[in-house]
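Each chain gets a letter, A, B and so on, in the order the sequences are listed, and its residues count up from 1. Both backbone and side-chain heavy atoms feed into the values below; hydrogens, waters and symmetry mates do not.
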Amino acid sequence: MPELPEVEVTRRGFADRIVGARIESVRIGKPLRWALMVLPQALVGRRVREVRRRGKYLLIDLDRGLLLLHLGMSGSLRFDIHLPEPGVHDHFDLVTELGTLRLNDPRRFGAVVYVDDEEAPWALKLLGGLGMEPLGDAFDLDAFHAGLKKRRTAIKQVLLAGDVVVGVGNIYASEALFMAGIRPTLSAARISRPRAAKLHAAVREILARAVEKGGSTLRDFSNVDGQNGYFQLEATVYGRAGEPCRVCGTPIRQMKQGQRSTYYCPHCQKS
DNA sequence: AAAAGCCCCTGGATGC
DNA sequence: TGCATCCAGGGGCTTT
């Protein structure tokens, strides 16, 4: 589920509501991808300072230390003053005086990790290799093009890898490549400067638009208030195999790249 | 060093 | 209705 837009929509949904709150208790359900790395009891009494996002990670800064949250493939967060009894897929509750933040994740590919600071080994391991943030000023076109030139793999794979630019997952990679008119299998290193510029702009536009629409809800995703996103309704290629291209009418094709589905228009994305 | 596969896990859709 | 198979928004780890 959650690519950058969904994580950002999630962040915006509870950041202002939880900042300043004192942690009253922590409840752990089934194990997630990694152990919490700190005794939940040790978090009690700390206060939430800020909620940030880096790529697809949420960073919850406390007055001492921070929590790194990842939603994996099927995770979503809820936040409310009062939440019902936890269900089988509710694996983490951060109970604060201003409300409870709850992670629901059926497939349990998500993660909650505590670190003392961003230089801690686990923080470096998870965040250290991440590429540029696509929204905001740090997404530099020169650096983007330079990053592509180093990679001979298919451009779709490079977008997904997250070491050049972060946050672009399987839906938005296909969407951005369609917007830029680039064939997903094209070697990243072979992308010309003008086309890199188009892709750079497309990534920004697609992600920003998706944030505006509340993200994409295919199955599990909803925001912290349980509301769905609507970007999936304006997908141009993702999930539309066999349906006519919205621009030229040619049937959209589906293929596999690295065990993941890629969608593209063979006419609009000739190379 | 880069690239390609494998795997973690659960549930929904589809097919026989 | 029951059971098997395939597929799904991610990404770390191991192997080439």
Side-chain angles (χ1 to χ4, degrees), chain A residues 1-11 29-35 37 53-58 68-77 87-92 103-113 121-131 146-176 184-190 206-207 210-211 213-223 228-235 237-242 254-263:
Chain A
M1 147 247 154
E3 304 181 35
L4 184 150
E6 291 74 31
V7 177
E8 178 61 18
V9 164
T10 296
R11 190 193 69 79
K30 285 191 192 174
L32 295 165
R33 186 152 192 170
W34 298 292
M37 305 283 161
R53 180 189 54 73
R54 177 73 178 102
K56 297 172 188 168
Y57 284 90
L58 283 172
L68 310 180
L69 268 65
H70 198 286
L71 302 179
M73 199 80 129
S74 59
S76 62
L77 290 176
V88 284
H89 298 310
D90 294 326
H91 307 304
F92 177 77
L103 173 64
N104 178 277
D105 185 4
R107 295 176 72 180
R108 290 191 281 131
F109 290 168
V112 179
V113 174
W122 271 94
L124 292 176
K125 176 164 141 183
L126 298 178
L127 308 175
L130 297 182
L148 298 188
K149 283 203 271 199
K150 291 180 195 156
R151 307 288 298 277
R152 300 182 189 233
T153 339
I155 180 60
K156 161 92 178 324
Q157 311 271 60
V158 174
L159 289 177
L160 285 186
D163 46 8
V164 176
V165 58
V166 295
V168 183
N170 210 38
I171 298 177
Y172 303 116
S174 282
E175 293 298 315
T185 49
L186 178 63
S187 167
R190 297 176 64 90
I206 291 287
L207 296 179
V211 170
K213 301 300 281 185
S216 296
T217 296
L218 299 184
R219 286 183 177 75
D220 307 292
F221 178 72
S222 58
N223 69 18
N228 291 341
Y230 294 97
F231 185 84
Q232 73 280 2
L233 300 177
E234 39 188 271
V237 289
Y238 185 84
R240 300 191 63 241
Q254 176 178 11
M255 64 177 295
K256 287 281 186 191
Q257 287 181 287
Q259 359 273 123
R260 326 263 328 251
S261 284
T262 297
Y263 300 85

Using atom CG of Asp105(A) as one end and atom P of dG11(C) as the other, report the distance to the nearest whole Å. 13 Å
Taking 4.0 Å as the cut-off, does a side-chain nitrogen or oxygen of His70(A) come that near to OP1 or OP2 on dG10(C)? no
Is a side-chain N or O of Arg53(A) found less than 3.5 angstrom from the main chain of Gly55(A), in a donor-acceptor match? yes
Atom CG of Leu71(A) and atom C1' of dA8(C): how far apart are they, to the nearest Å? 16 Å
Qualifying residues under side-chain contact (heavy atoms from CB on, under 4.5 Å), relative to Lys125(A), sequence neighbours excluded: Trp122(A)
For dC9(B) and dT14(C), measure between their P atoms and round to the nearest Å. 16 Å
Let me know the distance between CD1 of Ile171(A) and P of dC7(C), rounded to the nearest Å. 18 Å
Whole-Å distance separating the CG atom of Asp163(A) from the C1' atom of dG10(C): 14 Å
Could you verify whether a donor N or O on one side chain and an acceptor N or O on the other, from Ser74(A) and Asp105(A), lie under 3.5 Å apart? yes
Just how far, in rounded Å, is P of dG12(C) from CZ of Arg260(A)? 12 Å
Taking side chain to side chain donor-acceptor pair (under 3.5 Å) as the cut-off, I'd like each qualifying pair that reaches into residues 146-155 of chain A, sequence neighbours left out, listed once. Arg151(A)-Asp163(A)
Watson-Crick or G-U stems involving DNA chain B, each at least 3 pairs long, distances under 3.5 Å, ordered by first number: B:2-8 with C:10-16, B:10-16 with C:2-8
Could you work out, with side chain to side chain donor-acceptor pair (under 3.5 Å) as the rule, every residue matching Arg240(A), not counting sequence neighbours? Glu243(A)
Is any side-chain N or O of Tyr57(A) closer than 4.0 Å to OP1 or OP2 of dG11(C)? no
How long is the line joining NZ of Lys30(A) and P of dC9(B), in whole Å? 11 Å
Assess, by modelled atom type and distance only, whether the side chains of Tyr263(A) and Gln254(A) contain a donor and an acceptor separated by less than 3.5 Å. yes
Specify the separation, in whole Å, of atom CG of Asn104(A) and atom P of dT10(B). 13 Å
How would nucleotides 3-8 of chain B be written as a contact map, 5' to 3', with B for base contact, S for sugar-phosphate-only contact and - for no contact, using protein heavy atoms under 4.0 Å? SSSS-B
Could you list, one pair per line, each protein nitrogen or oxygen that sits under 3.5 Å from a nitrogen or oxygen of nucleotides 13-16 of chain C, together with the distance?
from	atom 1	to	atom 2	distance (Å)
dC13(C)	OP1	Lys125(A)	NZ	3.1

Whole angstroms only, please: what is the CG-P distance between Leu32(A) and dG10(C)? 17 Å
Sequence-distant partners of Tyr172(A), side chain to side chain donor-acceptor pair (under 3.5 Å), two or more places apart: Glu6(A), Ser216(A)
Report which part of the nucleic acid Tyr238(A) touches: base, sugar-phosphate, or nothing (heavy-atom distance under 4.0 Å, all strands). sugar-phosphate
Name all residues meeting the side-chain contact (heavy atoms from CB on, under 4.5 Å) criterion together with Ala189(A); count only those two or more places apart in sequence or in a different chain, and write none if there are none. Ser187(A)
Nearest nucleotide by nearest heavy atom, which residue falls closer to the 5' end of DNA chain C, Thr217(A) or Leu126(A)? Thr217(A)
Distance check: side-chain N/O of Ser74(A) vs OP1/OP2 of dG10(C), anything under 4.0 Å? no
Distance test, side-chain N/O of Lys56(A) to OP1/OP2 of dG11(C), below 4.0 Å: yes
For dG9(C) versus dA3(B), give the span between their C1' atoms, rounded off to a whole number of Å. 23 Å
Can you name the residues that form a side chain to side chain donor-acceptor pair (under 3.5 Å) with Glu234(A), not counting sequence neighbours? Arg209(A)
Strictly distance-based, threshold 3.5 Å: is any side-chain N or O of Asn223(A) a donor or acceptor partner for the main-chain N or O of Gly214(A)? no
Polar-atom pairs under 3.5 Å, protein N or O versus N or O of nucleotides 11-14 of chain B: list them with distances, or write none.
from	atom 1	to	atom 2	distance (Å)
dG11(B)	OP1	His89(A)	NE2	2.9

Nearest 0.5 Å, please: how far is OG1 in Thr10(A) from CG in Leu58(A)? 6.5 Å
What's the closest nucleotide to the Arg108(A) side chain, out of dG9(C), dC9(B), dG12(C)? dC9(B)
Lys56(A) meets the side chain to side chain donor-acceptor pair (under 3.5 Å) criterion, sequence neighbours left out, with none
Which heavy-atom pair separates Lys30(A) from Val88(A) by the least distance, and what is that distance? CE-O, 4.4 Å
Under the side-chain contact (heavy atoms from CB on, under 4.5 Å) rule, collect the residues that match up with Arg33(A), sequence neighbours excluded. Ala111(A)
If I compare all heavy atoms of Thr217(A) with all of Gln232(A), which pair ends up nearest, and what's the gap? N-OE1, 2.9 Å
Which is true for Ser174(A) with a 4.0 Å heavy-atom rule: it touches a base, it touches only sugar-phosphate, or it touches nothing? nothing
